[in-house]
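For reference, the structure discussed in these notes is given below.
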Amino acid sequence: LDADESGARGERTEPHTHVEDCNWDSDAVTTVAAAPGSQNGDLRTVIVGAWQHTAIDHGSGFEPLGIQDIRYVFPSPDRLLYCQHIPGVLEHLHNAADISWDDTRIVVPGGAPGWVVLSWDADTMVWLNRADDSHYLLQRR
């Protein structure tokens, strides 16, 4: 993280920030962690950083994504870099946008349905994909 962490008693004195980069030079996260069962920490603080979409649940439990490499990078709470690589189909695609929030819903420009962050901790999150009601498991990179 690029933020100043020198505040009193270790508290941050500036907002969390992260580099806006897909970091394609690093391998994808391929293990699947357990989904968090609560909302632990301030979401807009926790979400800053790089995340890997590792599993999806269409109603029968989380299943690994396999060869898909999907990354979400939040350089700040109000900016999203979407990164996707599917060998032979989509080669290192990326798209950045300013986002806004409606409680725990990530609001993206252009009227796309976006996602609702249902549960989180420092290293894992579960999102509801409002386009198809699937659930995404994300892990910090």
Side-chain angles (χ1 to χ4, degrees), residues 1-7 9-141:
L1 292 178
D2 300 323
D4 177 5
E5 296 183 38
S6 64
R9 293 187 290 177
E11 296 175 12
R12 291 183 179 273
T13 57
E14 296 179 17
H16 289 266
T17 60
H18 188 84
V19 175
E20 186 172 312
D21 183 359
C22 292
N23 195 12
W24 291 122
D25 292 336
S26 69
D27 292 336
V29 174
T30 57
T31 58
V32 177
S38 63
Q39 298 177 342
N40 189 6
D42 176 66
L43 177 58
R44 287 177 188 85
T45 300
V46 170
I47 204 163
V48 173
W51 296 86
Q52 181 87 39
H53 179 184
T54 57
I56 192 164
D57 179 358
H58 290 287
S60 58
F62 282 108
E63 298 177 15
L65 286 184
I67 65 167
Q68 297 182 57
D69 185 349
I70 301 173
R71 305 172 186 201
Y72 296 87
V73 180
F74 291 86
S76 72
D78 301 313
R79 182 105 173 131
L80 169 63
L81 174 64
Y82 173 79
C83 310
Q84 185 176 24
H85 176 67
I86 303 172
V89 180
L90 297 171
E91 299 295 328
H92 300 106
L93 168 82
H94 64 276
N95 191 16
D98 292 329
I99 60 170
S100 60
W101 292 87
D102 181 6
D103 193 27
T104 63
R105 178 176 160 234
I106 300 168
V107 180
V108 294
W115 308 274
V116 177
V117 185
L118 301 175
S119 58
W120 63 87
D121 60 31
D123 297 312
T124 55
M125 290 190 284
V126 173
W127 292 4
L128 168 66
N129 178 351
R130 296 182 67 233
D132 66 4
D133 291 329
S134 63
H135 291 89
Y136 292 179
L137 177 64
L138 288 87
Q139 294 171 231
R140 189 173 295 280
R141 295 189 42 77

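All residue numbers refer to positions in the sequence shown, counting from 1.
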Point to revise | Any side-chain heavy-atom pair of F62 and T54 under 4.5 Å | key: no
Review point. Are the side chains of Y72 and I47 in touch, meaning some heavy atoms are under 4.5 Å apart?
Key: no
Practice item. Identify the two heavy atoms, one from C22 and one from H94, that lie closest to each other, and give their separation to 0.1 Å. Key: SG-CB, 3.5 Å
**Study point:** Distance, nearest 0.5 Å, that separates CG of N40 from CE of M125
**Key:** 13.0 Å
Check your understanding: If every non-hydrogen atom of A55 is compared with every non-hydrogen atom of L65, which pair is closest and at what distance?
Key -> N-CG, 4.1 Å
Check your understanding: Do side-chain atoms of T104 reach the backbone of V117 as a donor and acceptor pair under 3.5 angstrom?
Key -> yes
Check your understanding: Between CG of D57 and CG of L128, what distance do you get to the nearest 0.5 Å?
Key -> 10.5 Å
Exercise for review: To the nearest 0.5 Å, tell me how far L138 CG sits from T124 OG1.
Suggested key: 9.5 Å
Review point. What are the two closest heavy atoms between E63 and S60, and how far apart are they?
Key: OE2-OG, 3.8 Å
Exercise for review: Please report the closest heavy-atom contact between P36 and S119, naming both atoms and the distance.
Suggested key: O-OG, 2.9 Å
Point to revise | Under 3.5 Å side-chain donor-acceptor pair for D132 and S134 | key: yes
Exercise for review: Quick one: pull up CG in L43 and CD1 in I106 and give me the separation to the nearest 0.5 Å.
Suggested key: 7.0 Å
Practice item. Sort and list the pairs that fulfil ring-ring contact (aromatic ring centres under 6.0 Å, His included) and have at least one residue in residues 34-61, not counting sequence neighbours. Key: H53-Y136
Check your understanding: Between the side chain of D121 and the main-chain N/O of D123, is any donor-acceptor distance below 3.5 Å?
Key -> yes
Point to revise | Partners meeting side chain to side chain contact (heavy atoms under 4.5 Å, CB included) with D69 (sequence neighbours left out) | key: W24, A28, Q52, R71, H85
Check your understanding: Just by modelled atom types, is the D27 backbone N or O under 3.5 Å from a matching donor or acceptor in the R141 side chain?
Key -> yes
Point to revise | Side-chain (R105) to main-chain (G114) donor-acceptor, under 3.5 angstrom | key: no
Practice item. For T31 and Q139, work out which heavy atoms get closest and say how close. Key: O-OE1, 3.0 Å
Point to revise | Expected output: side-chain W120 to main-chain G41 donor-acceptor under 3.5 Å | key: yes
Point to revise | Gap between atom CG of N129 and atom CH2 of W115 - 0.5 Å precision | key: 7.5 Å
Point to revise | Backbone N/O of L90 and side chain of Q84: donor-acceptor pair under 3.5 Å | key: no
Review point. Atom CH2 of W127 and atom CG of L137: how far apart are they, to the nearest 0.5 Å?
Key: 11.5 Å
Point to revise | Test side-chain contact (heavy atoms from CB on, under 4.5 Å) applied to V89 and Q68, step by step | key: CA-CA 10 Å; V89 180; Q68 297 182 57; over 6 Å; no
Practice item. Return yes if some donor-acceptor pair links the side-chain N/O of D42 with the main-chain N/O of T45 below 3.5 Å, else return no. Key: yes
Point to revise | Check against side-chain contact (heavy atoms from CB on, under 4.5 Å), V48 and V46 | key: CA-CA 6 Å; V48 173; V46 170; over 6 Å; no
